[in-house]
There are 2 protein chains.
Amino acid sequence: MKLDGIDKKILRFLMKDARRPILEIARNIGISGAAIHQRLKKLEASGLLSGSKFVINPKVLGYTTMAYIGIFLDKAMSNPRAVKALEKIPEVLECHYTTGNWSILIKVLCKDNEHLMHLLNKEIQQIEGVSRTETFISLNQQINRQISI
Amino acid sequence: MKLDGIDKKILRFLMKDARRPILEIARNIGISGAAIHQRLKKLEASGLLSGSKFVINPKVLGYTTMAYIGIFLDKAMSNPRAVKALEKIPEVLECHYTTGNWSILIKVLCKDNEHLMHLLNKEIQQIEGVSRTETFISLNQQINRQISI
DNA sequence: TTTGAAAGAACGTTCGT
DNA sequence: ACGAACGTTCTTTCAAA
């Protein structure tokens with residue numbers, strides 16, 4: 001997939017604000033709305049644009065504690081089964097099958113430390129095959145962005 | 001901030017597709033467009049809705065290697081200065097100030113392992129005050145979602 | 001609070017060029 | 001890539017339930 005300068009400009013606009021009107025972008029870039037429309041269709045067809053999302057600020061709902069948890073699995077425990085169990089826990093936002101010490105690295109979002117403790121003791125550790133965990137609390141997320149175009 | 005059932009339904013629609021027309025959501029939920037309009041304004045004013053983003057699939061652009069890197073900083077190196085340096089590296093998508101072994105945990109996205117190696121050796125390790133790093137390659141990201149409403 | 005309606009502006013989309 | 005045209009959606013407003 002190759003992007004020219006105009007494609008990149010369009011993407012940079014929409015990645016910041018998915019609701020930005022096409023015509024407004026057209027005016028900013030200096031080409032017609034129809035042209036942008038065509039390009040967006042191409043980008044969509046290529047699979048590069050996989051959708052749009054409203055971004056929510058979890059702090060407003062009281063979710064202030066983010067953490068990464070490295071999980072060690074027993075030999076017998078298959079990764080897919082563990083993932084299936086983790087999917088059912090809504091606090092788990094990401095789950096990665098990683099190289100290195102752990103079998104799995106997950107990112108969780110909790111209301112506070114107590115919530116996190118409960119999540120660890122009553123949810124994560126209770127999953128069959130989970131032998132040990134290592135938790136890293138994010139005291140402050142200082143960068144959060146998508147790939148730069 | 002308290003959400004009632006209708007708020008939650010609206011959010012669930014928009015979190016999946018930010019471009020979904022309000023009137024269509026209204027029809028699905030069974031209330032008027034004007035009501036949704038009012039609620040969205042409230043949600044925006046509360047700060048819960050912090051914007052919308054087009055989601056890009058980096059694989060289409062050839063970015064297939066995601067990794068987490070734990071960074072050890074020298075005592076002398078202040079966290080803000082390190083973050084400033086990391087901000088300049090576009091491959092760095094997230095940066096967390098964490099408890100535990102490392103000073104900083106970052107998430108990076110690279111085209112391939114070679115790209116990652118270059119990033120580590122020529123960019124990250126070159127930052128003044130970075131003493132050591134530990135890298136965890138994500139072989140497969142199996143969950144990726146926002147907070148559940 | 002929500003509704004239904006109504007107005008005008010702005011938008012997405014599709015053409016022929 | 002353009003510009004015009006059409007149908008839809010958005011925003012805003014208002015009186016009424």
Side-chain angles (χ1 to χ4, degrees), chain A residues 1-63 90 111 144-149, chain B residues 1-63 144-149:
Chain A
M1 188 63 201
K2 258 295 186 185
L3 303 175
D4 67 5
I6 296 179
D7 288 326
K8 291 181 185 174
K9 281 185 185 173
I10 297 173
L11 287 175
R12 278 196 277 259
F13 273 104
L14 290 174
M15 285 171 72
K16 268 189 268 175
D17 178 7
R19 299 209 87 158
R20 192 122 189 211
I22 288 182
L23 292 179
E24 200 182 318
I25 299 173
R27 270 176 254 127
N28 268 284
I29 298 183
I31 67 172
S32 74
I36 298 211
H37 195 249
Q38 288 174 17
R39 284 168 178 273
L40 278 179
K41 281 204 145 182
K42 251 194 298 183
L43 293 174
E44 230 171 301
S46 77
L48 178 59
L49 293 180
S50 59
S52 61
K53 293 201 169 122
F54 245 100
V55 181
I56 285 205
N57 180 1
K59 288 185 186 171
V60 176
L61 295 178
Y63 287 81
K111 297 204 171 192
N144 189 20
R145 58 191 179 194
Q146 280 198 74
I147 184 176
S148 71
I149 302 288
Chain B
M1 186 64 202
K2 259 292 188 188
L3 302 176
D4 68 4
I6 296 180
D7 288 327
K8 290 181 184 173
K9 281 184 185 174
I10 297 173
L11 287 175
R12 278 197 276 260
F13 273 104
L14 289 175
M15 283 172 74
K16 269 190 266 176
D17 178 6
R19 303 206 77 147
R20 193 126 189 208
I22 288 182
L23 291 179
E24 200 182 318
I25 299 174
R27 268 177 256 127
N28 269 285
I29 297 184
I31 66 171
S32 75
I36 298 211
H37 207 245
Q38 288 173 20
R39 283 166 177 275
L40 277 179
K41 281 203 146 186
K42 250 194 299 180
L43 293 173
E44 230 171 302
S46 76
L48 178 59
L49 294 180
S50 60
S52 62
K53 292 202 170 124
F54 244 100
V55 181
I56 284 207
N57 180 1
K59 288 185 185 170
V60 177
L61 294 177
Y63 287 79
N144 189 19
R145 59 191 179 194
Q146 281 197 73
I147 184 177
S148 72
I149 302 289

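Every chain is numbered from 1, with letters handed out A, B, ... down the list of sequences.
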Student: Side-chain N or O of A:His37 less than 4.0 angstrom from OP1 or OP2 on C:dG12?
Tutor: no

Student: From A:Ile147 CD1 over to B:Leu61 CG, what is the distance, rounded to the nearest 0.5 angstrom?
Tutor: 5.5 Å

Student: Using whole Å, what does the distance between atom C1' of nucleotide C:dG4 and atom CD1 of B:Ile36 come to?
Tutor: 15 Å

Student: Mind calculating the distance between CD1 (B:Ile10) and P (D:dC10) to the nearest angstrom?
Tutor: 13 Å

Student: Examine D:dA1: is either OP1 or OP2 under 4.0 Å from a nitrogen or oxygen in the side chain of A:Lys42? Give yes or no.
Tutor: no

Student: Are A:Asp7 and A:Ile149 close enough, and set up right, to give a side chain to side chain contact (heavy atoms under 4.5 Å, CB included), and what steps lead you there?
Tutor: CA-CA 9 Å; A:Asp7 288 326; A:Ile149 302 288; over 6 Å; no

Student: How long is the line joining CG of B:Asp4 and C1' of C:dT2, in whole Å?
Tutor: 12 Å

Student: The side chain of B:Lys41 lies closest to which of these nucleotides: C:dT14, D:dT12, D:dA1?
Tutor: D:dT12

Student: B:Ile31 side chain: which of C:dC11, C:dT3, D:dA1 is closest?
Tutor: C:dT3

Student: Ignoring backbone atoms, test whether B:Arg39 places a side-chain nitrogen or oxygen under 4.0 Å from the OP1 or OP2 oxygen of C:dT2.
Tutor: yes

Student: Counting side-chain heavy atoms from CB outward, which of D:dT13, D:dT9, C:dT2 is closest to B:Leu23?
Tutor: D:dT9

Student: What's the closest nucleotide to the A:Glu24 side chain, out of D:dA1, C:dC11, D:dG3?
Tutor: C:dC11

Student: As a quick check of understanding, evaluate side chain to side chain contact (heavy atoms under 4.5 Å, CB included) for B:Arg20 and B:Asn28, giving each step before the final call.
Tutor: CA-CA 11 Å; B:Arg20 193 126 189 208; B:Asn28 269 285; 3.8 Å; yes

Student: Is the shortest heavy-atom distance from the side chain of A:Ile22 to the side chain of A:Arg39 under 4.5 Å?
Tutor: no

Student: Go nucleotide by nucleotide along DNA chain C from the 5' end; which of A:Gln38 and A:Arg19 gets its closest nucleotide reached first?
Tutor: A:Arg19

Student: In whole Å, I'd like the distance from the CD1 atom of A:Ile25 to the P atom of C:dA10.
Tutor: 17 Å

Student: To the nearest Å, how far apart are A:Leu40 CG and C:dT13 P?
Tutor: 9 Å

Student: Grab the CD1-P distance between A:Ile22 and D:dT9 for me, whole Å please.
Tutor: 15 Å

Student: Would you say C:dC11 has OP1 or OP2 under 4.0 Å from some side-chain N or O of A:Arg27?
Tutor: yes

Student: Among B:Met1, B:Lys41, B:Lys2, find the residue that satisfies the side-chain contact (heavy atoms from CB on, under 4.5 Å) test when tested with B:Ser46.
Tutor: B:Met1

Student: What is the separation between atom CZ on B:Arg20 and atom C1' on D:dC10, rounded to the nearest whole Å?
Tutor: 17 Å

Student: For A:Ala35, which contact category applies under a 4.0 Å heavy-atom criterion: base, sugar-phosphate, or nothing?
Tutor: sugar-phosphate

